[in-house]
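Sequence lines set the chain letters: A, B, ... in the order given, protein chains first and strands last, and positions in each chain run from 1. Small disclaimer: the values here were computed from a predicted structure and weren't measured.
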Protein chains: 2
Amino acid sequence: MIQAIDRAARVLTSLQGARHLGITELAGILELPPSTVHGIVKSLQAHGLVAKEPGGQRYMLGPALLKLSNVYLDTLDVRARAMRWTQELARRTGLSARLGAELFDEVIIIHHNRRPDGSQQMLETGLTIPSHASALGKVLLAYHPSAADALLATPLRSLTGDTITDPAALRVQFAQIVERALAFEEDEAVLGESSVAVPVADRSGTVIAAVSVVMPSSEWPPEAGVLNDLRETARNISRELGFTSWPPAVSPRDDD
Amino acid sequence: MIQAIDRAARVLTSLQGARHLGITELAGILELPPSTVHGIVKSLQAHGLVAKEPGGQRYMLGPALLKLSNVYLDTLDVRARAMRWTQELARRTGLSARLGAELFDEVIIIHHNRRPDGSQQMLETGLTIPSHASALGKVLLAYHPSAADALLATPLRSLTGDTITDPAALRVQFAQIVERALAFEEDEAVLGESSVAVPVADRSGTVIAAVSVVMPSSEWPPEAGVLNDLRETARNISRELGFTSWPPAVSPRDDD
DNA sequence: TTGCATATTCGACATTGTCGAAAAGCGTTC
DNA sequence: GAACGCTTTTCGACAATGTCGAATATGCAA
C-alpha cells in the first residue's frame with residue numbers, strides 16, 4: 001500500500017463525510033501535519049478530484065469525480081444488461097426496483113427504477129446502505145462468506161429499532177438466503193420501508209450484484225407474484241451474463 | 001505535486017478513457033514499469049477507487065467513485081439552488097435545461113431537466129463537453145480569461161463541421177458574451193442540436209456555473225421569450241446565491 | 001489597524017516509493 | 001494433457017521522493 005495514495009484516498013473519504021474542510025481540520029482528522037496535508041490536497045486539486053469551495057478557504061470534493069463515476073456506471077456490464085429487466089420488474093410489480101453492488105461493508109445502488117405510480121421520488125443511484133441492514137446487502141454477504149466473516153467480526157450499527165445487529169441471527173439468515181436465493185428486510189434500514197432481494201450471478205457463477213423491490217411496510221409481506229417476478233428478473237439478467245445453472249451457489253473467491 | 005498521487009490520478013484518467021486495462025497496458029500508457037503500476041493500482045483498489053473486472057485480470061474504475069460523486073453533487077450549493085429554477089425553465093420553454101460547471105477544458109453537466117414533452121432522453125448528468133464547442137463552456141470561458149487564454153493556446157478539436165476552432169473567432173465571441181451575458185452555439189457540439197447559455201454568479205460576483213437550454217437546430221433561433229426566461233433563471237439562481245448586481249462582470253481570479 | 005488563525009512556501013533529512021529481477025498464475029497452443 | 005509464452009504479482013536494495021518543522025504570507029475579526 002503506497003502511503004501517499006492511501007492518504008489521498010483518506011482525504012477524499014474525509015471530505016465525503018464532512019463536505020467542506022480546511023487544511024487544519026483535515027490535518028486534525030488524518031493526524032498529519034498541515035503542510036503534509038496541503039501537499040496532498042494540492043495534488044488532488046490539480047486533477048479536479050478536490051476543489052476549493054467558491055469564496056472560501058476550505059476544500060470540497062471535485063467535479064472530476066462526477067465524470068469518473070459516470071464512466072464507472074457505463075463500464076458496468078451488469079447494469080447495462082439489468083436496466084431493461086428492472087424496468088419491466090417495476091412495471092409488473094408496481095414497486096420501485098433497485099440494483100446494488102458491494103462496496104466494502106455497504107451496498108451501493110447502481111441502478112434504480114421508480115415505482116410507476118409517478119409519486120415524487122428521489123434519485124437513488126449512488127446511495128449506500130450498510131449491508132447488514134438491507135436485503136440487497138444480505139444477499140451479497142450470504143454469497144460472499146469472507147466478507148461476511150469480516151463484517152460480523154465488527155460491531156454492527158443499528159439504523160432503526162428493527163436493524164438486526166446480532167451476528168448469530170444474521171448467519172442464520174445468510175444460510176436461508178442461499179437456500180432460497182431470496183433475502184428479506186423489514187424496517188431494518190428505514191422505518192416504514194421493507195424490501196426483498198435476489199442474487200445476480202455472472203458467467204463464472206459469482207454473485208456480483210443483487211436486485212430488490214422496495215415497498216411500504218404496510219404492504220408487507222409481498223405477494224407470491226412479486227417474488228416470482230423478482231426471481232425471474234434476476235434469472236434473466238444472470239442468463240444474459242452467461243450464467244445458466246440457476247440458482248447460484250456460494251463460490252470461493254480470490255478477494256484480491 | 002506529489003508524484004505518487006499524480007500517477008494514481010493518471011491511472012484513473014486512463015481507465016476513464018479505456019474502461020478496462022491490464023497492468024501491462026496501463027504501464028504502457030503511463031510509461032512506467034509494470035511493478036510500479038501494480039503498486040499504484042493495488043492502493044487504489046484498497047479504497048474501492050479501482051476494481052478488478054469480474055472474471056478477468058484487468059482493472060476498471062471502482063464503485064467508491066460513485067459514492068464520492070454523489071456526495072459531490074450534494075455539496076454543490078449552486079446545484080441545490082438551481083434545480084427548482086431550471087425545472088421551471090424547462091416547463092416554460094418546453095426545452096431541456098442544463099446546469100454546467102467548469103472542469104479544465106470541458107464543461108461538466110451537473111444538473112439536467114428533460115424537455116417536458118416526455119420523449120425518451122438519456123441521463124446527462126456527468127456528461128462533459130469541450131468548452132469551446134458548447135454554449136455553457138463559452139460562457140464559463142468568457143468570464144474566466146486565464147482559463148480561456150490557456151485553452152486558446154492549444155489546438156482545438158472539431159466535433160462537427162461547425163465547431164469553431166479559430167482562437168480569434170472565439171475571442172470575439174467571448175467579448176460579445178460578456179457584453180450580453182448570453183452565449184450561443186449552433187451545431188458546434190452535436191449536429192442538429194443548438195443551445196443558448198447564461199452565466200450564474202455567486203455572492204462574490206464570480207461566475208461559477210452556467211445555465212442553458214438545448215433545442216433542435218431546426219427550431220433555431222430561439223424566440224425572445226426563451227432568452228428572457230433563461231436570463232431570469234440565471235438571475236434568480238444568482239440572487240439566491242447572494243449576487244444582486246446583475247449582470248456579472250469579468251472578475252480576476254486566484255486560480256489556485 | 002492590529003492581532004490571531006489559517007493557508008502556504010521552503011528545504012534538509014530519512015522515510016518511502018521505485019523499479020529490476022525473479023516467481024507465480026493463466027490461457028493458449030501444439 | 002503438457003509445455004510454452006504472456007501477464008500479474010512478489011521481493012528487496014537503492015536513491016529518489018515525500019515528509020514535516022519553521023518561516024512567511026494571507027485572510028478574517030475585532
* Hey, does the side chain of Tyr59(A) come within less than 4.0 Å of dT8(C)'s phosphate (OP1/OP2), counting only N and O? -> yes
* Is it the case that more than 12 heavy atoms not belonging to Gln87(B) sit under 6.0 Å from its CD atom? -> no
* To do: Provide, to the nearest angstrom, the distance between the CD1 atom belonging to Ile23(B) and the C1' atom belonging to dC19(C).
  => 14 Å
* Asked: OP1 or OP2 of dT8(C) sitting under 4.0 Å from any side-chain N/O of Lys52(A)?
  -> yes
* Please report the closest heavy-atom contact between Pro145(B) and Val250(B), naming both atoms and the distance. => CG-CG1, 3.5 Å
* If only atom types and distance count, is the side chain of Ser43(B) paired as donor or acceptor with the main-chain N or O of Asp6(A) below 3.5 Å? -> no
Mind listing the N/O atom pairs, protein and nucleotides 15-19 of chain D, below 3.5 Å?
residue	atom	partner	partner atom	Å
dT17(D)	OP1	Gln3(B)	NE2	3.1
dG18(D)	OP1	Gln3(B)	N	2.1
dG18(D)	OP1	Ala4(B)	N	3.0
dT19(D)	OP1	Gln3(A)	OE1	3.4
dT19(D)	OP1	Arg7(A)	NH1	3.0

* Structure fact -> Separation between NE2 (His111(A)) and OG1 (Thr86(A)), nearest 0.5 Å, reads 4.0 Å
* Ala209(A) to Val78(A) - nearest heavy-atom pair and separation -> CB-CG1, 4.2 Å
* Structure fact -> Of Gln57(A) and Ser35(A), the one whose nearest nucleotide on DNA chain D sits closer to the 5' end is Ser35(A)
* Value in whole Å for how far the P atom of dC10(C) lies from NE2 of His38(A) -> 11 Å
* Check the distance between dT9(D)'s C1' and Leu26(B)'s CG and give it to me in whole angstrom. => 15 Å
* Rounded to the Å, how far apart are Arg58(A) CZ and dA5(C) P? -> 18 Å
* Asked: Can you check the Glu53(A) CD to dA7(C) P distance for me, whole Å?
  -> 11 Å
* State, without any angle test, whether His132(A) and Asp105(A) hold a side-chain donor-acceptor pair at a distance under 3.5 Å. => no
